[in-house]
Amino acid sequence: MSTNPTPPRRYRSQDWFDNPDHIDMTALYLERFMNYGITAEELRSGRPIIGIVQSGSDISPCNRIHLELAKRVRDGIRDAGGIAMEFPLHPIFENCRRPTASIDRNLAYLGLVEILHGYPIDAVVLTTGCDKTTPAQIMAASTVDIPAIVLSGGPMLDGWFEGELAGSGSAIWHGRRRLAAGEIDNEKFLQIAAASAPSAGHCNTMGTASTMNALAEALGMSLTGCSAIPAPYRERGQMAYETGRRIVELARQDVRPSHILTRDAFLDAIVVNAAIGGSTNAQPHIMAMARHAGIEIGSSAWMEFGHDVPLLLNMQPAGKFLGERFHRAGGVPAIMWELQQAGKLRAERLTVTGTTMAVNLRDRASVDREVIYPYDAPLKTKAGFFVLKGNLFDFAIMKTSVISADFRARYLCRPGHENVFECRAVVFDGSGDYHARINDPVLDIDESCMLVIRGAGPIGWPGSAEVVNMQPPDALIRRGILNLPTLGDGRQSGTSDSPSILNASPESAAGGGLAYVRSGDIIRVDLNTGRCDMLVDDAVLAERRKEPIPPTPPSQTPWQELYRATVGQLEQGGCMEMALPYRGVGHDLPRHNH
Ligand SMILES: CC(C)(O)[C@@H](O)C(=O)O
């Protein structure tokens with residue numbers, strides 16, 4: 001056990017608890033903390049006060065393991081000489097939060113900034129798990145810029161059903177199709193869903209949760225090997241303890257997010273995301289974290305740094321296995337080891353371990369080549385996001401690592417038209433409209449159609465719904481057509497295997513080109529030139545632009561209204577734009593309150 005009675009620096013919490021200039025205020029600040037048993041001597045001992053952001057609760061099941069892990073974090077903090085103070089994060093639960101969990105990324109961000117700025121906290125442990133809890137907390141840590149470390153909660157154990165791996169999220173999308181095809185009944189569908197989620201933890205697939213935790217580690221914000229440890233494993237509790245110890249040292253040395261979240265760190269995150277077959281939600285979240293860190297990466301970075309990177313990880317939805325095998329194969333450090341050997345990383349950069357990423361990755365080669373492939377013999381080549389633009393939007397991405405052989409054969413391999421396809425648009429205004437009409441025979445949907453959804457973006461829904469991986473009509477599924485091309489201004493689940501064109505910006509509700517597409521228009525996608533256009537005459541388009549954009553549903557709560565008024569487009573991360581100039585606010589102490 002190491003304690004440090006003579007702190008090398010004065011902490012911001014001492015301005016509350018030990019401030020000779022405001023001795024009149026000290027009593028007020030101290031007294032109520034003592035009512036749960038902590039003593040004035042402890043609070044005035046010059047030890048750092050370490051916040052633990054508690055993201056787990058009964059309505060955040062993916063993060064609920066943190067209710068347990070926080071005890072080990074506290075042990076680590078105490079043993080290293082800090083004082084722990086745990087407090088809640090606004091809950092974010094992806095599966096359940098209506099109309100979207102997205103609006104809560106920015107709300108949790110906002111709430112955490114206020115807590116970290118307004119209370120006597122010197123450094124903070126960010127407890128991450130479900131999709132948006134990771135970017136929300138890292139964004140807030142950047143805005144406040146006090147020492148911070150990520151502790152992932154970890155994925156669930158692998159799910160199994162009838163002798164086969166059943167990955168969370170992915171099992172739902174497959175099950176829906178089997179239900180539509182009449183292969184299974186409702187009861188069996190529910191059994192598959194339950195089997196895919198066998199323990200505490202977040203998605204055991206490389207959905208958005210595993211992706212964002214992997215990227216937090218790739219950024220250098222967590223201890224090496226943290227993200228992939230399954231939630232119930234003993235190493236998870238041990239990692240919690242080590243994370244608690246480490247944050248005290250980061251507090252002493254005043255190592256802040258601004259020292260770690262550099263441009264190189266974000267470019268490495270883009271590279272790692274491609275190699276793991278990461279979620280399409282990584283695009284807005286990386287962008288949001290970078291912008292809150294004051295880093296300019298630009299939309300072209302996805303093509304420039306990510307597109308050529310091969311898929312190395314054989315994990316659902318782009319591959320076969322689930323989280324337990326990934327962890328045993330070496331987890332994120334083993335992926336990064338491959339990338340580092342291939343010269344694809346910028347790993348001479350500081351991380352929360354106190355040393356560089358390059359040093360963290362030493363001797364981390366994978367021990368399981370069925371799960372983590374060598375860089376020179378990958379699962380797929382050119383696995384990063386493909387960026388498209390045209391008269392429908394200025395920016396959208398396509399996840400190439402999930403393009404199936406069947407989809408490739410049907411749309412991308414036509415002799416003389418390689419990588420180019422044209423489809424008849426069938427347009428839906430929001431997911432309610434899609435669910436109501438997808439099986440309507442009047443739409444006459446066949447293999448030559450593209451399903452288009454609009455009004456599903458940050459302003460439109462609001463929050464950008466995970467709806468673009470629209471399933472074809474039941475009749476087509478029964479004929480074996482499991483995927484149609486899809487396009488939209490919403491997002492899709494990271495666990496989906498649909499190669500949709502999504503995150504289209506600007507969205508229809510902001511007057512983007514999607515507002516003017518009509519069912520029956522021909523849409524042309526050209527992956528050689530990176531264009532996606534509706535083949536509609538300019539004169540006709542000019543006429544359509546005179547008409548109002550499709551209406552969007554009204555805000556149902558005050559936050560929805562505020563969110564809509566402040567949010568930017570997915571291309572730029574869907575941030576609260578007015579929040580971006582606030583950076584390093586933790587360096588300025590807040591004014592006194594009485
Ligand atoms: C599976 C969910 C809820 O859709 C999400 O966690 C994701 O992976 O994007």
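Both ligands and their constituent atoms are indexed starting at 1 by order of listing.
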Is Arg437 paired with Asp429 through a side-chain N to carboxylate O contact shorter than 4.0 Å?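 The answer is no: the pair does not qualify as a salt bridge.
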Is the shortest distance from a Lys or Arg side-chain nitrogen in Glu162 or Lys188 to a carboxylate oxygen in the other one below 4.0 Å?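 Salt bridge present between Glu162 and Lys188.
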For residues Phe428 and His435, establish whether the separation of their ring centroids is below 6.0 Å.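 No - the distance between ring centres of Phe428 and His435 does not fall below the 6.0 Å cut-off.
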Is the His327-Tyr233 ring centre distance short of 6.0 angstrom? yes
Count the heavy atoms belonging to other residues, nucleotides or ligands that lie under 6.0 Å from CD of Glu183, then report whether that count exceeds 12.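 Check passes, neighbour count above 12.
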Ser196 and Ala171: which non-hydrogen atoms are nearest, and at how many Å? CB-CB, 3.9 Å
For ligand 1, the residues whose heavy atoms come within less than 4.0 Å (ordered by chain, then number): Glu94, Asn95, Asp131, Cys203, Gly207, Thr208, Asn281, Glu466, Ser493, Gly494, Thr495
